[in-house]
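In what follows, chains carry the letters A, B, and so on, assigned in the order in which the sequence lines appear, proteins first and then strands, with residues in each chain numbered from 1.
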There are 2 protein chains.
Amino acid sequence: MGTVSNVLNRPDQVSEQTRARVQAAIEILGYVRSESARQLRAGRSRMLGLLVTDTGNPFFAALARGTEEAADRAGLGVMVCNSAESPSAEQAYLSLFAEQRMRGVLLAPVDSHGAPWHVLSRQNIPCVVVDRAVGEDEVCSVAADDVLGGLLAGRHLLKAGHRRIAYVGGPEQLRQVRDRRDGLLRAVHEAGMSADTVVDVPVHRHDVRSGRDAGHRLIGLSPRPSAVFCANDLLALGIMQTVFDAGVRVPDDLAVIGYDDIEFAEACLIPLTSVRHPAAEIGRLAAELLLKELDPAPEGHRHESIVLQPELVVRRSTVPRA
Amino acid sequence: MGTVSNVLNRPDQVSEQTRARVQAAIEILGYVRSESARQLRAGRSRMLGLLVTDTGNPFFAALARGTEEAADRAGLGVMVCNSAESPSAEQAYLSLFAEQRMRGVLLAPVDSHGAPWHVLSRQNIPCVVVDRAVGEDEVCSVAADDVLGGLLAGRHLLKAGHRRIAYVGGPEQLRQVRDRRDGLLRAVHEAGMSADTVVDVPVHRHDVRSGRDAGHRLIGLSPRPSAVFCANDLLALGIMQTVFDAGVRVPDDLAVIGYDDIEFAEACLIPLTSVRHPAAEIGRLAAELLLKELDPAPEGHRHESIVLQPELVVRRSTVPRA
DNA sequence: CGCCGTTGATGAATCGTTTCATAAGTAAGA
DNA sequence: TCTTACTTATGAAACGATTCATCAACGGCG
């Protein structure tokens with residue numbers, strides 16, 4: 001009935017008496033309006049989709065919080081999904097988002113190949129890429145300068161006198177992983193050293209378990225690097241557990257530096273030097289970019305790429321006691 | 001068109017030729033079916049709601065993973081929301097779930113008062129309470145035996161000779177917080193000691209920040225307890241950071257024991273003794289209970305309460321070096 | 001007394017999918 | 001050849017909220 005709809009959505013357009021009568025009926029019947037019917041009528045939902053590669057990573061948890069706050073302010077809900085670094089899961093979730101006619105999507109892509117958001121553009125669902133820089137041609141993005149982050153980490157280690165540095169990071173395709181490594185290499189060149197100062201220790205995933213695995217391989221290297229730079233903090237934590245068990249002292253025998261500066265970096269075995277990556281802010285800015293794209297003109301929108309600056313946070317894991 | 005629906009949902013009931021024709025049309029038009037229309041027709045969605053008190057807590061992240069796996073196996077999606085320990089946010093999200101006609105809801109209640117799931121029962125949305133024991137009268141639940149957990153922690157500390165033990169935990173209303181404390185008290189009684197062996201250090205939230213705050217108060221106590229039992233690991237991490245900065249040695253000056261055994265307990269400053277709380281299994285079992293309640297008979301379902309056993313994991317934070 | 005403007009209530013149409021009853025077409029058996 | 005059984009395709013109705021055009025009621029004013 002049209003009047004009920006008015007009571008709920010435009011209470012001022014309806015007389016005091018009718019409103020009271022309708023409200024009473026709603027109470028008695030325990031009526032709860034159906035969001036699917038509203039959505040069907042409206043043609044789009046009141047939700048944003050957020051697809052990250054690892055919900056277990058505190059970095060993404062913080063990013064999600066930033067997104068949720070911004071979305072909440074706009075009266076939108078957020079649905080957080082986990083692609084678990086699997087491209088097929090990523091496609092499945094993006095299709096899900098398309099079927100749900102999400103108002104917009106925030107995506108941390110699994111790899112840098114292709115344009116996984118194409119499923120969304122068919123439905124005119126705007127997409128903002130988070131935590132990965134991409135060109136401005138197709139989508140907006142919010143990321144941090146990963147080359148700079150790698151550079152900061154590299155300079156820090158080189159200044160401390162390290163001459164053989166391991167880099168622990170995931171598959172080459174990930175722009176992020178490449179960029180951090182590139183930053184490290186740039187620092188090496190700055191210092192006038194050769195590129196083989198850097199030893200790669202590849203991993204497939206970016207969690208603590210993979211870190212432990214990498215730790216074992218790292219210990220076996222000969223000559224063993226005196227420092228290790230990890231593509232994220234979880235890897236660093238895993239490495240520290242392993243090398244600690246093997247009797248390798250951090251930072252004396254091995255300096256360790258992580259990336260992201262998650263909450264637990266400060267509390268860990270040896271407080272971890274890390275590159276602070278502003279997670280919540282990335283989430284918040286990305287949501288705001290998305291809202292801006294939604295808001296006024298469907299057309300006449302120019303895609304933006306925001307790049308934030310990372311910051312080195314020095315702790316015990318790279319600084320021997322005086 | 002009915003035929004299209006058949007092609008998508010019952011491809012075997014339609015001739016090879018028509019199917020190909022329809023599929024081709026779908027490709028060309030870039031058709032994506034509307035989930036809201038499906039839901040409207042079906043009267044219910046294909047989603048489970050999961051409402052936790054802190055998405056930043058790795059314990060709940062693990063619980064969510066368990067839930068997602070089980071739900072995925074049943075072809076259902078999961079929407080994870082964060083009540084942030086706020087009763088009003090909890091009600092808001094439960095109303096949202098009701099409006100979305102969620103297939104079922106998993107709820108970690110903010111406190112033990114009332115029955116927040118009543119909003120759901122009006123819509124016949126089944127609810128399973130996770131990580132909090134409740135009576136079997138109204139809903140199913142999956143929890144761990146928190147009294148036993150507290151007892152294990154208490155025995156461990158008392159056996160090590162501690163005679164003054166701080167308990168750091170949130171508001172009294174939380175059954176969980178009470179139970180863990182009760183377990184501790186039971187251990188104290190077992191040992192033939194008086195109840196004032198236990199000193200309460202109350203906190204409002206269960207995160208690292210509150211832990212740091214509690215740490216400051218703990219240091220100020222006189223006489224200072226020689227051991228502290230925390231209602232969760234995040235509190236313990238916060239406390240360890242604070243007391244470490246203040247020059248208090250763990251475990252020599254202060255033994256610390258946490259609860260949940262999150263991934264980071266093992267990797268932290270001083271590896272943390274904790275009570276293992278099977279997060280992923282709670283999430284999985286709860287989802288399975290929910291699916292069972294959904295499956296066959298809307299009526300004739302008897303609510304179940306599953307209680308899992310916690311397990312003490314001893315690490316350095318309570319064991320001085322030999 | 002009649003006309004007009006305003007305010008508030010009503011009901012039909014719509015969104016896109018599924019379901020169900022019916023129709024059309026085909027093959028087999030009497 | 002006609003009926004029967006069976007397969008496959010078609011079209012209408014329904015889900016529930018919203019929107020919009022229409023309508024009724026009422027007060028003011030000429």
>> I'd like to check B:Cys81 versus B:Glu90 (side-chain heavy atoms, cut-off strictly below 4.5 Å). Are they in contact?
In response: no
> Within this structure, what is the CG-to-P distance between A:Leu40 and D:dT19, rounded to whole angstrom?
Replying inline: 13 Å
> What is the distance from CZ of A:Arg101 to C1' of C:dG16, rounded to the nearest Å?
Replying inline: 9 Å
>> I want to check one thing: is the phosphate of D:dT18, taken as OP1 and OP2, less than 4.0 Å away from some side-chain N or O of A:Arg38?
In response: yes
> What is the nucleic acid contact for B:Thr3, judged by heavy atoms within less than 4.0 Å: base, sugar-phosphate only, or nothing?
Replying inline: base
>> Does B:Arg41 reach a base, just sugar-phosphate, or nothing at all? Heavy atoms under 4.0 Å.
In response: base
> Between A:Tyr31 and D:dA17, does any side-chain N or O lie under 4.0 Å from OP1 or OP2?
Replying inline: yes
> Rounded to the nearest 0.5 Å, what separation is found between the CG atom of A:Leu107 and the OG atom of A:Ser83?
Replying inline: 8.0 Å
> Between B:Glu16 and A:Val4, which has a closest nucleotide on DNA chain D that is more 5'?
Replying inline: B:Glu16
>> Ignoring hydrogens and geometry beyond distance, is a side-chain donor-acceptor pair present between A:His277 and A:Asp131 at under 3.5 Å?
In response: yes
>> So B:Ser34, base contact, sugar-phosphate only, or nothing? Heavy-atom distance under 4.0 Å.
In response: sugar-phosphate
> Does a side-chain N-to-carboxylate-O contact under 4.0 Å join B:Glu68 and B:Arg65?
Replying inline: no
>> Could you tell me how far apart A:Asn9 (CG) and D:dC20 (C1') are, to the nearest whole angstrom?
In response: 15 Å
>> Between P on C:dC20 and CD on B:Gln13, what's the gap in Å once rounded to a whole number?
In response: 12 Å
> In whole angstroms, how far is the C1' atom of C:dG16 from the CG atom of B:Asn6?
Replying inline: 15 Å
>> In this structure, how many angstroms lie between the P atom of D:dA17 and the CD atom of B:Glu99, rounded?
In response: 10 Å
> A:Leu8 CG to D:dT18 P: how many Å, rounded?
Replying inline: 7 Å
> B:Arg10 side chain N/O closer than 4.0 Å to the phosphate oxygens (OP1, OP2) of C:dT19?
Replying inline: yes
> What is the ring orientation for B:His301 with B:His303, classed by angle as parallel under 30°, tilted 30 to 60°, or perpendicular over 60°?
Replying inline: perpendicular
>> Output the rounded distance in Å from CZ (B:Arg19) to P (D:dT8).
In response: 10 Å
